[in-house]
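In what follows, chains carry the letters A, B, and so on, assigned in the order in which the sequence lines appear, proteins first and then strands, with residues in each chain numbered from 1.
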Amino acid sequence: MGNLDKKKAALDPEVTARLREQSDELKAAVDSGDYAGAMKLITELNEMRDQSLYREVGRLTRSLHESMRNFQIAPQNAEQAEALSKMTDASDRLSYVVEMTSKAANRTLDLVEEAMPKANAIREQATSLRDDWLRLRRREMKPAEFRALYERIDGFFVSISDEAEEMYGSLSEILLAQDFQDLTGQVIQKVTTLVKEVEDNLLSLVVMASNVDKITGTTHEFDESEREPEDPTKGVGPQVNTEGRVDVVSNQDDVDDLLSSLGF
Amino acid sequence: MKILVVDDFSTMRRIIKNLLRDLGFTNTDEADDGNTALPMLRTGKYDFLVTDWNMPGMTGIDLLKEVRADANLKNLPVLMVTAEAKRDQIVAAAQAGVNGYVVKPFTAAVLKEKIEKIFERIQ
């Protein structure tokens with residue numbers, strides 16, 4: 001019953017009307033013994049079937065083209081406009097995302113690697129000064145040592161304010177390095193929309209093809225063994241929707257539990 | 001202690017190298033897949049291998065199998081740091097003789113814990 005409804009829904013009302021009209025004419029021709037006329041009508045019916053199929057394929061192709069053409073993002077300045085005008089397809093755009101994120105990650109890592117030794121040096125100087133300061137407070141220090149400590153404290157105040165300023169500079173640059181998110185976010189959203197449109201159009205194509213098969217009575221034989229099995233040793237990348245899945249671990253605790261169940 | 005870090009993304013290699021340095025391991029080298037890593041391991045006298053799974057060329061699991069099949073390398077401790085999260089894959093890595101498995105995204109604390117655990121077991 002459901003299949004019948006789908007068949008009805010799949011056909012253009014105009015096509016249905018013509019089909020009804022021609023089937024009546026066909027019946028009349030056969031009844032009246034006009035076999036040449038009947039054959040002509042059958043040929044016409046055949047052509048009509050082909051044409052409605054071509055029309056549907058054409059419509060889908062056009063909407064696919066439309067989706068591809070509409071796939072533009074609004075640049076915010078001349079530099080972006082130039083960068084974006086060079087990109088004409090989704091894969092270019094995604095490479096751009098990879099490039100931008102990699103640039104940002106490297107810039108951030110550079111700044112972190114610059115700042116870390118500074119923080120380390122400040123900690124070491126402060127620890128050593130504190131130890132000497134405590135000796136001074138316990139009155140364990142000779143005057144010559146005190147004079148040296150005095151100098152060191154002086155130097156420490158100068159260097160700590162310089163290094164704190166440099167570290168602050170690194171931190172604000174790290175902040176700025178995150179601006180890729182805005183651009184890559186826009187690009188990914190556009191690509192996602194395109195993929196969604198392509199997906200919808202492909203789905204209509206599949207539905208249409210299955211309706212064409214039903215109408216024409218075509219059957220296809222699929223050989224399941226021809227399908228390439230997923231090779232887990234190649235690696236499949238991160239799992240995105242892990243909720244409710246039992247074949248995938250969702251965090252390190254799951255990994256640890258699994259390994260300990262294997263005797264690790 | 002000489003450590004080889006294998007990952008196809010240079011940012012991930014840098015992150016792991018920085019975390020290792022914080023743990024006191026400063027002698028580290030990098031490779032971007034198993035094909036580059038294997039000759040380095042065979043000549044470089046490494047004490048520890050940290051590898052990703054999913055890489056072009058030779059994958060991490062194949063690298064692990066090569067290491068275990070090599071008479072000179074078979075006892076090398078191997079830690080896998082990877083986004084591969086299928087139970088079958090973790091079981092396969094365990095069967096291939098991995099010493100630890102860290103799933104990405106990970107924290108510095110997790111990396112430290114796994115590395116320490118591996119060294120504890122070896123000593």
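The nearest pair of heavy atoms linking A:Gly237 to B:Asn54 is N-ND2, 3.5 Å.
At least one donor-acceptor pair under 3.5 Å links the side chain of A:Gln252 to the backbone N or O of B:Tyr101.
When the options A:Asp254, A:Asp253, A:Asn251, A:Val255 are evaluated for a side-chain contact (heavy atoms from CB on, under 4.5 Å) with B:Val103, the one that passes is A:Val255. Test B:Arg87, B:Gln89, B:Glu84, B:Lys86 against A:Val248 for side-chain contact (heavy atoms from CB on, under 4.5 Å) and you get one pass: B:Lys86.
Your options are A:Asn106, A:Asn120, A:Asp256, A:Leu262, and the one with the most heavy-atom pairs under 4.5 Å with chain B is A:Asn106. Residue with the most contacts toward chain B among A:Pro238, A:Gly263, A:Ser250, A:Ser102: A:Pro238 (heavy-atom pairs, distance under 4.5 Å). By number of non-hydrogen pairs under 4.5 angstrom with chain A, the leading residue of B:Ile90, B:Asp22, B:Val110, B:Asp62 is B:Ile90. Most heavy-atom pairs under 4.5 Å with chain A, from the set B:Lys114, B:Arg21, B:Gln95, B:Lys104: that is B:Lys114.
With a threshold of 4.5 angstrom between heavy atoms, A:Val246 approaches chain B through N, CA, C or O but not through any side-chain atom. Interface residue B:Ala94: backbone and side-chain heavy atoms are both found under 4.5 Å from chain A. Using a 4.5 Å cut-off between heavy atoms, A:Leu258 contacts chain B through its side chain alone, with no backbone atom that close. Both the backbone and the side chain of B:Thr11 come within less than 4.5 Å of a heavy atom of chain A. In this structure, chain A has no heavy atom under 4.5 Å from any part of B:Thr82. Proximity to chain A is absent for every atom of B:Lys117, based on heavy atoms less than 4.5 angstrom apart. With a threshold of 4.5 angstrom between heavy atoms, A:Asp257 does not approach chain B through any atom at all.
No more than 12 heavy atoms of other residues, nucleotides or ligands shown are found within 6.0 angstrom of CZ on A:Arg137. The local environment of CD in A:Glu165 is sparse, with at most 12 non-hydrogen atoms from other residues, nucleotides or ligands closer than 6.0 Å. Other residues, nucleotides and ligands place more than 12 heavy atoms under 6.0 Å from the NZ atom of B:Lys2.
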